[in-house]
Amino acid sequence: MSLKAVVLGCGTYLPERVLTNDDLAKRVDTSDKWIRERTGIRERHIAAEGEFTSDLAVAASRNALEMAGFSPSDIDLVVVATTTPDLTFPATAAIVQAKLGIENGAAFDIQAVCSGFIYALSTVEKFLTSGQHKRALLIGAETFSRILDWEDRATCVLFGDGAGAFVMEAQKEAQAQGRGVIASYLRSDGRLVDLLYVDGGVSTTKTAGHVRMQGNRVFREAVVRISEAMETVARQAGVSANDIDWFVPHQANERIIQGVVKKLDLRPDQVISTIAGQGNTSAASIPLAYCAGVNDGRIKPGDLVMLEAMGGGLTWGAALLRA
Ligand code: ACO
């Protein structure tokens with residue numbers, strides 16, 4: 001009896017405070033024009049003082065549970081993809097589990113920076129289809145604003161805070177009726193650490209550190225590697241670009257997204273893009289964009305959706321699912 005991991009609900013949360021490009025231009029030598037033209041970003045959300053990654057994750061999870069029609073006690077696996085945990089330990093997933101009042105199952109974090117949600121989706125799919133767990137909360141949540149160097153115009157204009165969550169269930173194939181995760185593909189190349197990293201850590205500086213990036217090199221790597229991951233996952237699933245209904249990319253830069261769309265011969269109207277109003281929310285960006293597509297009626301049950309991401313490590317990957 002084979003099982004499928006089906007997405008039954010999604011939810012999002014964005015902090016109330018909005019930081020516009022014009023606001024940033026008052027702090028560093030930049031402009032709304034430069035940021036919009038180079039990245040597609042207009043504004044981003046910033047978590048309030050005392051508002052933690054777990055708070056964002058819990059708010060997104062409640063919305064996802066509501067859409068799925070489940071209560072927290074139905075969940076037996078909580079996985080949080082994050083690079084900005086509340087604490088060095090325990091895992092933010094354990095804090096989320098407690099805040100939601102979940103008493104069953106397991107909880108852990110996954111750290112693959114901006115690729116975290118793809119890594120977590122691939123992991124959760126295996127936990128569910130093996131029969132080890134029945135229902136999972138899969139969350140991407142970040143307070144990236146806390147690790148930005150607000151004096152560095154090359155990075156501080158790019159990122160924002162937010163969270164997105166999926167409720168996923170293990171279903172027998174007959175019940176799933178073709179829905180669920182079809183294939184995923186994960187990669188990393190640690191030799192490229194210097195392209196994008198944080199200059200601090202528990203074991204080195206005993207601080208959280210700040211984001212450092214060689215933006216133009218990351219940009220060049222991104223289009224090539226993301227396209228290759230998407231082609232691989234499509235090949236594994238036996239589908240062509242024509243079969244894909246929606247493309248939900250990690251929202252790093254509108255130009256990277258357009259580059260991938262062009263390379264793979266996708267149509268611009270297949271892309272779900274939230275970058276203008278959110279910036280790069282790292283591991284949260286894919287569920288934030290996916291849920292935007294579900295909520296406005298573009299992504300419908302049965303649609304074929306391609307997800308992809310690339311982030312620090314470098315890590316990258318893609319996943320194909322039927323909504
Ligand atoms: N405002 C104004 N000027 C700026 C700013 C800014 N915010 N940031 C950099 N510049 C300047 C640079 O100093 C440089 O000036 P110079 O020519 O006098 O030296 C000039 O703009 C060009 O800099 P580049 O870095 O070459 O600009 P580029 O066109 O590559 O755009 C950007 C920079 C937007 C960071 C781009 O490289 C990018 O998006 N890279 C991808 C990185 C990314 O998205 N990382 C997120 C995590 S990884 C991921 O999610 C894929």
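Ligands are counted one by one from 1 in listed order, and the atoms in each one are counted from 1 as well. Numbering of residues begins at 1 and proceeds along the displayed sequence. Just the heavy atoms: all of them, side chains too, but no hydrogens, waters or symmetry mates, feed the values below.
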Check this for me, if you would: do D76 and K134 make a salt bridge, where the nitrogen-to-carboxylate-oxygen distance has to be below 4.0 angstrom?
no
How far is atom 41 (C) of ligand 1 from its nearest protein heavy atom, and which residue and atom is that?
G215 O, 3.6 Å
What's the shortest distance from atom 33 (C) of ligand 1 to any protein heavy atom, and which residue and atom give it?
W34 CH2, 3.8 Å
When distances are taken from atom 42 (C) of ligand 1, the protein heavy atom at minimum range is M213 SD, 3.5 Å
I need the single residue from D149, L195, V198 that forms a side-chain contact (heavy atoms from CB on, under 4.5 Å) with R212. Which is it?
D149
Residue and atom name of the nearest protein heavy atom (relative to atom 44 (O) of ligand 1), distance in Å to one decimal:
A252 CB, 3.6 Å
Would you say the side chains of E254 and S273 form a donor-acceptor pair under 3.5 Å?
yes
Just to confirm, does any protein heavy atom lie below 4.0 Å from atom 30 (O) of ligand 1?
yes
Using the ring of each side chain (for Trp, its six-membered ring), is F127 parallel, tilted or perpendicular to F108, with breaks at 30° and 60°?
tilted
Taking 4.0 angstrom as the limit and counting only heavy atoms of V157, give me the atoms of ligand 1 inside it, by number and element.
7 (N)
Exercise check, heavy-atom protein proximity under 4.0 Å to atom 18 (O) of ligand 1:
no
Heavy atom of the protein closest to atom 11 (C) of ligand 1 (residue, atom name, distance):
R153 NH2, 3.6 Å
Quick one about E142 and T84 (side-chain donor to acceptor, distance below 3.5 Å, no hydrogens or angles considered), yes or no?
yes
At a 4.0 Å threshold, what atoms of ligand 1 neighbour a non-hydrogen atom of L196?
47 (C), 48 (S)
For atom 50 (O) of ligand 1, what is the closest protein heavy atom, and at what distance to 0.1 Å?
H250 NE2, 2.8 Å
For atom 4 (C) of ligand 1, is the nearest protein heavy atom under 4.0 Å away?
yes
Protein heavy-atom partner closest to atom 38 (C) of ligand 1 - residue, atom, separation in Å
N253 ND2, 3.5 Å
Could you note down all residue pairs passing salt bridge (charged side-chain N to carboxylate O under 4.0 Å, His left out) where residues 269-279 supplies at least one of them, sequence neighbours left out?
R267-D269
Quick check: A222 and ligand 1, any N/O pair under 3.5 Å apart?
no
Does the protein put a heavy atom under 4.0 Å from atom 14 (C) of ligand 1?
no
When you group the ILVMFWY residues by side-chain heavy-atom contacts below 4.5 Å and let the links chain together, are V7 and V233 in the same group?
no
Under 3.5 Å, is there a donor-acceptor pair between the T92 and S54 side chains?
no
Ligand 1 versus T30, non-hydrogen atoms closer than 4.0 Å: side chain, backbone, both, neither?
both
Around atom 22 (C) of ligand 1, find the nearest protein heavy atom and jot down its residue, atom name and distance.
R38 NH1, 3.7 Å
For Q236, does the CD atom have more than 12 heavy-atom neighbours from other residues, nucleotides or ligands under 6.0 Å away?
yes
Tell me whether R135 is salt-bridged to E169, with the criterion being a basic N under 4.0 Å from an acidic carboxylate O.
yes
Side chains of S145 and D161: donor-acceptor distance under 3.5 Å anywhere?
yes
Flag yes if L77 and L100 sit in one hydrophobic cluster, no otherwise; membership is Ile, Leu, Val, Met, Phe, Trp, Tyr, and two members link when side-chain heavy atoms are under 4.5 Å apart.
no
Quick one about K126 and S130 (side-chain donor to acceptor, distance below 3.5 Å, no hydrogens or angles considered), yes or no?
no
Close approach, R255 and ligand 1, non-hydrogen under 4.0 angstrom
yes
Just go through T155, N216, V223, I226 and tell me whose heavy atom is the nearest to atom 26 (O) of ligand 1.
N216
If the cut-off is 4.0 Å to any non-hydrogen atom of N280, which atoms of ligand 1 fall inside it?
46 (C), 47 (C), 50 (O)
Going by the 4.0 angstrom heavy-atom rule, the piece of V113 near ligand 1 is neither
Below 4.0 Å from any atom of ligand 1, is there a heavy atom belonging to T39?
yes
